[in-house]
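Letters go in sequence order (proteins before strands), and every chain restarts at 1.
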4 protein chains.
Amino acid sequence: MATPHHARRSDTRSRIQDVALKLFAEQGYEKTSLREIAERLDVTKAALYYHFKTKEDLLLSISEDLSAPVDELIAWAQGQPRTLATKQEVLRRYSDALWGATDLFRFFQENQATVRDLAIGESFRERITALSELLKEPDSSMTAQVRSLTALFAMHAGMHATQNVEGDPEEKRAAVLEVALDLLAQADADLVTN
Amino acid sequence: MATPHHARRSDTRSRIQDVALKLFAEQGYEKTSLREIAERLDVTKAALYYHFKTKEDLLLSISEDLSAPVDELIAWAQGQPRTLATKQEVLRRYSDALWGATDLFRFFQENQATVRDLAIGESFRERITALSELLKEPDSSMTAQVRSLTALFAMHAGMHATQNVEGDPEEKRAAVLEVALDLLAQADADLVTN
Amino acid sequence: MATPHHARRSDTRSRIQDVALKLFAEQGYEKTSLREIAERLDVTKAALYYHFKTKEDLLLSISEDLSAPVDELIAWAQGQPRTLATKQEVLRRYSDALWGATDLFRFFQENQATVRDLAIGESFRERITALSELLKEPDSSMTAQVRSLTALFAMHAGMHATQNVEGDPEEKRAAVLEVALDLLAQADADLVTN
Amino acid sequence: MATPHHARRSDTRSRIQDVALKLFAEQGYEKTSLREIAERLDVTKAALYYHFKTKEDLLLSISEDLSAPVDELIAWAQGQPRTLATKQEVLRRYSDALWGATDLFRFFQENQATVRDLAIGESFRERITALSELLKEPDSSMTAQVRSLTALFAMHAGMHATQNVEGDPEEKRAAVLEVALDLLAQADADLVTN
DNA sequence: CATGAATGAGAGTTCATTCAT
DNA sequence: AATGAATGAACTCTCATTCAT
């Protein structure tokens, strides 16, 4: 048999995650009902509950799986010297992570109000804070700090805000990264000047 | 009579709008029920329906009242020459508009998924698109375009993303604006160079 | 008009209570669904929620209304001297209270497990404890105390346990009360003897 | 093999019964889900279904095992003369039976509404009826009959109602039995007098 | 002897909305 | 200008039960 039992084992489980993420990203968390997810997969609602304790737990499992790369990035960066080179590398890797899970990060960005008081919101905020602190120098000028933060948020916004710009996605991604890296460099220059 | 009919009429109406916006911004649109709004105001749900046709209509009325300044800004800008000075003025005025209605813009930012398929979403997107097109030059390099867009989105993000930065709000706002203006100037420099 | 507005005001509300108590007593609390109650009344489930916050709250409201006489009895007794005459009067009045709300007390007796961890359980236990303490003397012999308690519980049991005995209800009630009064008298005699 | 098949077979089976009875008694029948029972035993729900056809069947098996002594008692008594001595012996043995399976009888008492329309309810009622008929004389005065019934129900109530009385359990049990025996004797005296 | 995966039915609850008064 | 009463549709979630393996 080509598809042995254990290959199938988590088949339904991950199909649920896939469909759920797609719908959460497209329609929002609240507007996506478990009925809808179940119908798309041609299973019953109860089947979802066999695999996930609650709706929130379903979202949590998706988020944990997909945002692991970001956590690794943070862990790595915290062991590096706080040089411009490190920060630039953080930005580059973050770009990879974001574009590797666009649905999830789109979801986070467009459902902030919802996410805020879900368990998941906490870890999301923590990640952003950790990244912020890796990029900005608390003793630098406020302008420099804002520039660093802008580098970070420009990447989030850049994922979806460039839809009215002509050009292929990879090119856009590169442009966004370039602008972000530049902001970082300027923030660093400020620091040196001061 | 000290309080004529028309003064009273809009009193309740605008109290509803105030409370609704506060709750929409704090908790999100879907998670805020009309029951909750009514309870806060110590009126019945039916009273809300006297003043507004639907929940969505309530949101619409809030948005229209508060985002008028942005529409005026766009109208004004569309009559001006496409110079850097104009663009910078757009950004300055936009900063005023945003900080003049933080709850509303926070709401828009944190409820994008929800807002997307409300009638209001359309006009929101149109405004952003209009502003984008006022700021970026479609024939400039992609990097320059991204820089212009980033100037715009930096202002949105800057409203709430600077909470971990020390300093008073006005100072932060100024710093955000400065960074945005700078991005715009760089985009313009690119254009000249090309 | 024979039935003015305000007479109707609580009409639905108390019709709900009536039907609910009937079904709770007949079938048990858990086995009675709100759907069933609503259907009997030819209203929607949501109508129930207009009048009562939760299923438990519905039960609570019924219990509070119907067990007021018992609370009054307790309050009265606590102001009386701890004589045999008082205790006998307590039993007599309690008999009236029980037979005046048989459905409710049947419900309590047959749904103890359920009631135990509802808010209502607490007040039920408190009432029983208060009555126990009014009837038994903590310093008397254990047998005397058990006799007093038995007087109390005999009345509960007597409401439904006499169905296999021939005779009319009023006669049965009188017999149960007589036996209970007798137990009380014997407990008192013990006390004197000791 | 040290542990033959049949020893193991009934091991799990009776562990299930033990846990189930404990939970049924503590929380009630409806509020105890098969999931919960399975989790406590660290087996799957399906395992329960290997041993018992349905949830009700599980309860039935418990009840049959534990209430065998009562059935034997009834069978024995039905072959004895209807003397006071016999009746007193019935009460004494019934006391043993009750205290030998407190969880089960507590369950019966606190879940009457539930039990009523389970198959088990029938046999429960039959046992009570049989005992009633062994104790009371249908031709005696109503008061005498109520006294006999009270003797019986006092034992049920006595199992849990004496928690607010000081003293050790065995002593309480003895006191309850004494009061019950006394009631029986009084009923018998009535009979003779009439 | 037992599990993993799933189902169908139904539970309690909440929501935006309506309408006669 | 506002209320009281109600609805219909939907929601998340839980349950006892089944069955192939």
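A side-chain N or O of E36(D) and one of Q27(D) form a donor-acceptor pair less than 3.5 Å apart.
Following rounding to the nearest Å, L59(A) (CG) and dT12(F) (P) show an atom-to-atom distance of 13 Å. Here dC11(F) presents its C1' atom at 14 Å from CG of L48(A), a figure rounded to the nearest Å. For the pair K55(A) NZ and dT14(F) P, the interatomic distance rounds to 15 Å; values are reported in whole Å. Rounded to whole angstrom, the span from the CG atom of L23(A) across to the P atom of dC11(F) amounts to 12 Å. Between the CG atom of L41(D) and the C1' atom of dA2(E) there is a distance of 13 Å, rounded to whole Å. For the pair L58(D) CG and dC15(F) P, the computed distance is 16 Å after rounding to whole Å. As rounded to whole Å, 17 Å separates atom C1' of dG12(E) from atom CG of L60(C). One can place CD of E39(D) at 12 Å from P of dA16(F), the figure rounded to the nearest angstrom.
Using cut-offs of 30° and 60° on the angle between ring planes, the pair F108(A) and F124(A) is parallel.
Each of dC19(F), dT3(F), dA6(E) was ranked by its minimum atom distance to the side chain of A46(D); first place goes to dC19(F). The side chain of K45(D) sits closest to dT17(F) out of dG8(F), dT17(F), dT14(F). Among the nucleotides dT7(E), dT3(E), dT3(F), the one closest to any side-chain atom of A47(A) is dT7(E). You'll find that the side chain of Y49(B) is closest to dA16(E), out of dA2(E), dT12(F), dA16(E).
For K53(C) and E36(C), each mapped to the nucleotide of DNA chain E holding its nearest heavy atom, the one lying further toward the 5' end belongs to E36(C). Place V43(C) and T32(A) on DNA chain F by their nearest nucleotides, and V43(C) ends up nearer the 5' end. Position along DNA chain F of the nearest nucleotide to E56(A) versus D42(B) favours D42(B) as the more 5'-ward residue.
For R35(A), no side-chain nitrogen or oxygen approaches OP1 or OP2 of dT12(F) to under 4.0 Å. Note on S33(C): a side-chain N or O is less than 4.0 Å away from OP1 or OP2 of dA11(E). Contact check, T12(C) against dA5(F): no side-chain N or O comes under 4.0 Å of OP1 or OP2. Within the structure, every side-chain polar atom (N or O) of Y50(D) is placed at least 4.0 Å from both OP1 and OP2 of dA2(E). Between H51(D) and dA2(E) there is a side-chain polar atom (N or O) within less than 4.0 angstrom of OP1 or OP2.
In this structure, L59(B) CG and L118(B) CG are separated by 6.0 Å, a value rounded to the nearest 0.5 Å. Considering CZ of R40(D) and OG1 of T32(D), their distance stands at 9.0 Å, rounded to 0.5 Å.
Using a 4.5 Å heavy-atom cutoff, the side chains of H51(B) and S61(B) are not in contact.
One finds no salt bridge joining K22(B) and D103(B) here, because no Lys/Arg side-chain nitrogen approaches an Asp/Glu carboxylate oxygen to under 4.0 Å.
dC19(E) is paired with dG4(F) under the criterion used here, namely a Watson-Crick or G-U wobble arrangement in which both key atom distances are under 3.5 Å.
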